[in-house]
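Because the structure is a prediction, the values reported are computed rather than measured. We number each residue from 1, following the sequence as shown.
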Amino acid sequence: MEAIRNAFDFSDFPRFDLTIAAVVALFLLTFPVFPHSSFAMSTMIQFLMFSLYGMGWNTIGGYGGQVDLGKAQYVGIGAFTTAVMLIRWDIPFWVSMPIGMFFAVVWSFIIGYPLFRLKGHYFAIATIATSLVLKDIFEVWDFVGAAKGLEISPIKYSPPDFLRLIFKEDIYYYCVILGFFFLGILYVNWFRRSRLGFQLRAIKNNEEVARSLGINVHRAKIKTYAIATAFVSLVGSFHACYIKNIEPEDTMSLDISILIALMAMLGGAGSLWGPIIGASVLIPLKSYLKEWLGAQAGLIGIDLIIYGAIIMLVSAVEPRGIWGIVEKVRRRKRG
């Protein structure tokens, strides 16, 4: 019961923050009611997905200070587990999703034990290496479709199929991922004030001091890495049912790993709202700039330049991201 109370306890945030959060929550809940295009709905679903990816990354990267650039491997494990189990054995999403999370967490323990003996940029490089190696394995593994991947055929089922998560209208996918989104916020809100959350902040500030306080640094990192992995794998399973055509190159590429990390870094790593802010900036930017400047104006690549310039500008002003800028302004007003 105490964990549930902590999950719903946002009392340490200013009233203004909670008002903004309530307005955003109301907008997300009512968005399907208002007129919108299929492109806008797709963008909103991607925003919710990458917010969850960012929340997962934020537990180990933001609160723990470990720059993980290999999260795409867990997207792939979740996605391929759900796709394989649905296509080969007709096992529904709600069963295959936790199994995919289990496989991903087991893999995170296997590689996490040696990885967390490394520090700083060595750790970041090692996470990239493990992710790329796993991607190469999937590209030659016939059981998961090798390089061409797998395709979930919607005509095999009669949508709406809530067990297998097969729908014709995107509004159903939106409602499912929105539910996961709110659950993710509640979990991270509990996590940041949990014993493990306080241990991670101590580790991030000074590992040696954390050890002197009796904190098992290695164990705390591995446990949090598993939590981050579970978040990412869950959304990977959803991704398989939503996209229906998955390939190692699309689900396990380095681009996805970097984009996941950028969500939290740009929005504000180590803060509850950071991944959501980052996704609200980067995902619409990614979708609409590519559409307007790439597809319509023919300026292919300009969208990426603008995208990168905004990230560099925010990082130059405040390394802690957009949320860091907000907190800096508040401190100046108080001063």
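Under the 6.0 Å cut-off for aromatic ring centres, Trp190 and Phe8 do not qualify, their centroids lying 6.0 Å or more apart. Taking the ring centroids of Phe109 and Tyr225, they lie at or beyond the 6.0 Å cut-off. For Phe31 and Tyr174, the ring centers are positioned less than 6.0 Å apart. Separation of the Tyr187 and Phe231 ring centroids falls under the 6.0 Å cut-off.
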**Message:** Evaluate His218 against Arg117 for side-chain contact (heavy atoms from CB on, under 4.5 Å), listing each step before the verdict.
**Reply:** CA-CA 8 Å; His218 197 231; Arg117 297 295 181 188; 3.6 Å; yes

**Message:** I'd like to know whether Val105 forms a side-chain contact (heavy atoms from CB on, under 4.5 Å) with Ser108, so could you lay out the CA-CA distance, the side-chain angles of the two residues, the decisive distance to 0.1 Å, and finally the verdict.
**Reply:** CA-CA 5 Å; Val105 168; Ser108 77; 4.2 Å; yes

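To the nearest 0.5 angstrom, Ile256 atom CD1 is 15.0 Å from Tyr74 atom OH. In this structure, OG1 in Thr82 is found 7.5 Å from CD1 in Ile152, a value given to the nearest 0.5 Å. Here the CG atom belonging to Leu259 is positioned 12.5 Å from the CH2 atom belonging to Trp57, to the nearest 0.5 angstrom. Annotation: the span from Gln199 atom CD to Arg219 atom CZ amounts to 9.5 Å, rounded to 0.5 Å.
The shortest side-chain heavy-atom distance between Arg332 and Val329 does not fall under the 4.5 Å cut-off.
In the model, Ser253 has no side-chain atom that pairs as donor or acceptor with a side-chain atom of Asp255 under 3.5 Å.
Between the side chain of His239 and the backbone N or O of Thr251, no donor-acceptor pair lies under 3.5 Å. Formation of a donor-acceptor pair under 3.5 Å by the Thr224 side chain with backbone atoms of Ala220 is found in this model. Of the possible donor and acceptor atoms, one in the side chain of Ser233 sits under 3.5 Å from a partner among the backbone N and O of Gly100. Between the side chain of Asp250 and the main chain of Ile246, no donor-acceptor pair closer than 3.5 Å is present. With hydrogens and angles disregarded, no donor-acceptor distance shorter than 3.5 Å links the side chain of Ser96 to the backbone of Met85. No donor-acceptor pair under 3.5 Å is formed between the side chain of Thr30 and the backbone N or O of Val33. Counting only distance, with no hydrogens or angles, the side chain of Asp170 and the backbone of Tyr173 share no donor-acceptor pair below 3.5 Å.
Salt bridge annotation for Asp12-Arg192: present, with a cationic side-chain nitrogen under 4.0 angstrom from a carboxylate oxygen. Ion pairing between Lys221 and Glu207 holds under the 4.0 Å rule for side-chain N and carboxylate O. Between Arg211 and Glu208 there is a salt bridge, since at least one side-chain N of the basic residue sits less than 4.0 Å from a carboxylate O of the acidic one. The pair Asp90-Lys156 fails the salt-bridge criterion, with no side-chain N (NZ, NE, NH1 or NH2) lying under 4.0 Å from an Asp/Glu carboxylate O.
A continuous path of Ile, Leu, Val, Met, Phe, Trp and Tyr side chains, each step under 4.5 Å between heavy atoms, connects Trp89 with Ile77, placing both in one hydrophobic cluster.
Below 30°, between 30° and 60°, or above 60°: for Trp141 and Phe138 the angle between ring planes is above 60°, a perpendicular geometry.
Under a cutoff of 6.0 Å and an axis angle of 45°, Arg88 and Phe143 form a cation-pi pair.
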